[in-house]
Amino acid sequence: MSLTFGEKIKDARKSKNLTQKQLAEKIGAKHNSVSDWENDKNRPDAATIEILCRVLDITPNYLLDTSPGEYTPAEKTIIEKYRFISEYSPEGTATVGYILDREYQIAKDRKQQAVLMPSLPKEDIAAIERAMKKIDIKKAR
C-alpha cells in the first residue's frame with residue numbers, strides 16, 4: 001500500500017503526537033496549509049519540505065517518492081523497539097521472532113489462498129504462553 005504525499009505527512013505528524021496547528025507553528029506555516037497538504041490539495045515549497053522533514057524525522061525521499069522503499073515512521077518505531085529488545089532481552093527477541101515468523105507465514109497463506117484463516121493455531125498459542133510463563137509475563141485478562 002503506497003501512501004499519498006498528504007497521507008505521509010499526516011502519518012508522520014501523528015507519530016510525533018503533533019496536531020496540525022502544532023506542526024504549523026514548528027515549521028512557520030499556517031494551520032490551513034498543513035491541512036491542505038495532508039488532504040493533497042497542494043504541496044509545500046522545497047524549503048518548507050526540508051524543514052518539515054527535519055521536524056517530522058523523515059527524509060525527503062520518503063515524502064516525495066511514490067515507491068514503498070522508505071520506512072514509515074511507524075515502521076521505524078517498530079525497528080527501534082526490536083533493536084532495544086534484542087540488546088536487553090534475548091528471550092524477548094526469540095518471542096518476537098517466533099511471532100513474526102508465524103504471522104508472516106499466515107499472511108503468505110492468506111494471500112495465496114485469498115481466504116480468511118484463524119490467526120494462530122492452538123499449539124502456537126500454547127507455545128507462546130509457555131514462553132511467557134518462562135520469562136514471567138502475566139497474561140492480560
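Predicted model, so just to flag it, every value in this text is computed and none were measured. Numbering of residues begins at 1 and proceeds along the displayed sequence.
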- Examine distances only and state if a side-chain atom of Glu87 and a backbone atom of Phe84 form a donor-acceptor pair shorter than 3.5 Å. no

- Is the shortest heavy-atom distance from the side chain of Cys53 to the side chain of Thr59 under 4.5 Å? no

- Query: Would Leu100 and Ile79 show up in the same hydrophobic cluster when neighbours are defined by side-chain heavy atoms closer than 4.5 Å?
  - Reply: no

- Is Ile78 reachable from Ile106 through a run of hydrophobic residues whose side-chain heavy atoms are each under 4.5 Å from the next? no

- Message: Can you tell me how far apart CG (Leu52) and CD1 (Ile9) are? Round to the nearest 0.5 Å.
- Response: 5.0 Å

- Message: Testing the 3.5 Å rule here: is there a donor-acceptor pair between the side chains of Gln105 and Asp101?
- Response: no

- Can you list every pair that meets side chain to side chain donor-acceptor pair (under 3.5 Å) and has a residue in residues 40-55, with sequence neighbours left out? Thr4-Asp40, Trp37-Asn42, Asp45-Thr48

- Query: Should Val55 and Phe5 be regarded as members of a common hydrophobic cluster, given that ILVMFWY residues are connected when their side-chain heavy atoms come within less than 4.5 Å of each other, either directly or indirectly?
  - Reply: yes

- Note on the structure: So CD of Glu80 and CD1 of Ile85: to nearest 0.5 Å the spacing works out to 12.0 Å

- Of Arg13, Glu7, Lys8, the residue whose pairing with Glu38 passes side-chain contact (heavy atoms from CB on, under 4.5 Å): Arg13

- For Lys76, look at atom NZ and say whether over 12 heavy atoms of other residues, nucleotides or ligands are found less than 6.0 Å away. yes

- Task: Not counting sequence neighbours, which residues clear ring pair (Phe, Tyr, Trp, His ring centres under 6.0 Å) with Tyr82? List them please.
- Result: none

- Item | Distance-minimising heavy-atom pair for Ala12 and Ser15 | O-OG, 2.8 Å

- Message: Go through it in stages, so that I can follow the logic: the residues are Leu23 and Leu56, the test is side-chain contact (heavy atoms from CB on, under 4.5 Å), and I'd like the CA-CA distance, side-chain angles, deciding distance and then a yes or no.
- Response: CA-CA 9 Å; Leu23 176 58; Leu56 296 176; 3.9 Å; yes

- Contact check, side chains of Ile49 and Leu64, non-hydrogen atoms, under 4.5 Å: yes

- Can you name the side chain to side chain contact (heavy atoms under 4.5 Å, CB included) partners of Ala127, sequence neighbours left out? Tyr98, Arg130

- Closest heavy-atom contact between Gln20 and His31? OE1-NE2, 3.4 Å

